[in-house]
Every structure is written in C-alpha cells, then in structure tokens.
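Here's the structure, in structure tokens; my notes come after.
Because only heavy atoms are used, hydrogens play no part in the values below, and waters and symmetry mates are left out as well, while side chains stay in. Positions are given from 1, in the same order as the sequence printed here.
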Amino acid sequence: MTALIPAIIIPAYNERNVIGRTLNPLYDGVINGEYTITIAVNGTSDDSVDFIRREFPQVTCLDIQIGSKTNALNEAEKQAGLGYPRIYMDADVVISYEGILSLIKTLSNSTMSLLASPKAVMNFAHSSVFVKAFYNAWFKTKFYNQQGFGSGVYGLNKAARQCFDVFPNVIADDGFIREVVPQSQQVVDKQCISTVNAPVTLSDLIKIKTRSKLGNLELKRKNLVVNQELMGKRFSIKPSLFEFLVYGMVNFIAAKSAEIKAKDIHSYKWQKDESSRNVV
C-alpha cells in the first residue's frame with residue numbers, strides 16, 4: 001500500500017487574480033510527489049476552477065457551490081489520499097517550495113500534537129503610511145513573534161488534527177485551531193516565510209481587522225475559547241508613538257464595528273480586502 005504524503009488545503013472564494021501566484025512556487029512539489037494540493041473553490045462567480053484545472057492539472061480542484069470557508073475545508077478533507085502533516089493556506093499568500101518543505105519537516109518531527117505557522121512578511125508596495133505603521137506595531141507584539149498570527153497559514157501534524165472532528169461553522173477557523181492545540185505546542189517556523197500583500201488603505205485594513213475580531217467574539221459566544229491569553233505585555237518590543245497610536249485606533253474601531261455586527265452575525269457577509277488582491 002502506498003504511503004500517504006502531506007497535504008496542502010487551500011479554500012478559495014473568487015481568487016482567480018491571485019491563485020496563480022500562490023500555486024506557482026508550490027507546484028513542483030506536487031509534480032515531485034512531495035505533497036498533494038487540494039483547492040476548495042467555494043461559492044465562486046469567477047473562472048477560478050477552469051483556470052486551476054487548466055494551468056495546474058495535478059492539483060485537485062473542487063467546485064463547491066456553498067460559499068463557506070469552513071465547509072470548504074471539511075469538503076476538502078473528505079477527499080481520499082490526504083496524508084499528514086496538513087497545511088491550511090489562504091489563497092492569497094505566497095510561500096516558497098523550500099519554505100513549505102521546512103514547515104512540513106517541523107510538523108513531522110514532533111510526536112506530540114503540534115501547530116506550526118510560518119513567519120509572516122508583509123508586502124507594503126501599495127500600502128499607505130498608516131497601514132505600514134499598524135503592521136510595524138504588530139510586528140512587535142507577542143502574537144506575531146510567538147504565535148505566528150497574520151501569516152494566513154497554519155499546519156497540523158496528525159496528532160494535532162486528531163484533536164477535533166470537523167471544522168465548526170465559524171468565521172475564524174484559525175482562531176478555532178489555536179484553541180484546540182495547547183499554546184505550548186504552537187510554534188513559528190522562521191525558516192518558512194509567508195508573504196502577505198498588505199491592504200492599501202486604512203479602511204481596507206479595518207475591514208479585515210473587524211472580521212478577525214468578530215471571529216473571536218463568535219468563538220467566545222460558542223464557548224470555543226479554551227486557551228488563556230499569553231501572559232506578559234502585549235508588545236515584546238516597544239513601538240514608536242505613531243505606530244502605537246495607529247495600532248490602537250485601528251483595533252478600537254474594528255472592535256466597535258465587530259460588536260455591532262455581532263448583534264446580527266447570521267447575516268454577516270465575509271469582509272475581504274480586495275485592494276491587496278490586485279496583481280500587477
């Protein structure tokens with residue numbers, strides 16, 4: 001019987017503009033038999049499915065009618081032939097072939113349940129000074145340095161994946177996963193770099209931060225928050241005054257917006273930053 005190989009799962013909703021740049025550096029690994037890639041296209045109205053099947057024929061591409069990230073993850077995991085570790089990626093981030101192999105190796109080397117994330121690097125090519133200031137403060141937090149938040153990618157070894165049955169119907173799948181795996185078993189693989197296109201404007205940034213905070217509120221309401229917040233100060237390195245003020249303002253506005261949206265969370269429509277998805 002052929003041994004199953006590691007699996008990369010990428011949910012995608014109207015990501016035709018960016019999915020090529022995500023898959024290009026990883027496709028050799030599929031051809032070489034290092035891992036499989038499953039793209040769970042869900043609720044799309046663009047030609048993502050045709051593009052992926054034409055340009056990356058050895059990638060498994062699902063065409064799911066329901067527009068739901070967690071449902072897409074669950075449908076992808078129903079596919080036969082998926083091994084471990086499993087890497088869950090957003091469709092708009094870029095990781096090199098060498099980087100993904102490093103992440104797989106990190107996860108494979110642990111017999112205990114392990115969650116591993118890459119180190120996030122932001123592309124600020126089109127971002128405003130306020131967006132840059134926010135992330136420059138973010139880079140100095142314990143969440144970024146110790147837990148790998150913001151990379152758009154997380155990986156689970158077999159023991160970690162067996163800690164839960166299926167992904168629940170929540171906004172923050174990554175937040176849920178970080179409650180399933182103990183904090184002491186969450187690491188950042190600094191040999192694996194995830195390049196993330198930063199939002200262009202402050203309003204674009206507030207959109208995605210609102211979604212993040214709404215996802216956290218939902219987890220609390222559904223009693224899915226288990227782990228305690230990391231002890232100690234928020235910042236491991238002191239930000240500049242300007243960075244601190246922008247960081248605080250964005251989080252304050254996003255928190256208030258999330259509280260309003262939480263009152264009618266069932267009608268919430270996914271807030272996606274389109275500004276960072278314009279490939280030139």
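Remark: R86 is positioned above the aromatic ring of Y84, its terminal NZ or CZ atom under 6.0 angstrom from the ring centre and at most 45 degrees off the axis. Geometric assessment of R161 against the ring of F164 yields a positive cation-pi assignment under the 6.0 Å and 45° thresholds.
Salt bridge present: K69 and D90 bring a charged side-chain N and a carboxylate O closer than 4.0 Å.
Within 6.0 Å of CZ in F51 there are more than 12 heavy atoms belonging to other residues, nucleotides or ligands. Remark: K222 NZ is packed, more than 12 non-hydrogen atoms of other residues, nucleotides or ligands lying under 6.0 Å away. For I66, the CD1 atom is loosely surrounded, since the number of other residues' heavy atoms within 6.0 Å does not exceed 12.
Between V30 and I8 the shortest side-chain heavy-atom distance does not fall below 4.5 Å. For the pair Q185/C163, no side-chain contact is recorded, criterion being any heavy-atom separation below 4.5 Å from C-beta on.
Between F149 and W138, the ring planes are perpendicular. Angles over 60° get that label, and only those under 30° would be called parallel.
Between the CD atom of Q58 and the CG atom of D28 there is a distance of 10.5 Å, given to the nearest 0.5 Å.
Remark: aromatic rings of F134 and Y247 are close, center separation under 6.0 Å.
Hydrophobic clustering (side-chain heavy atoms under 4.5 Å, transitive across Ile, Leu, Val, Met, Phe, Trp, Tyr) keeps Y88 apart from V94.
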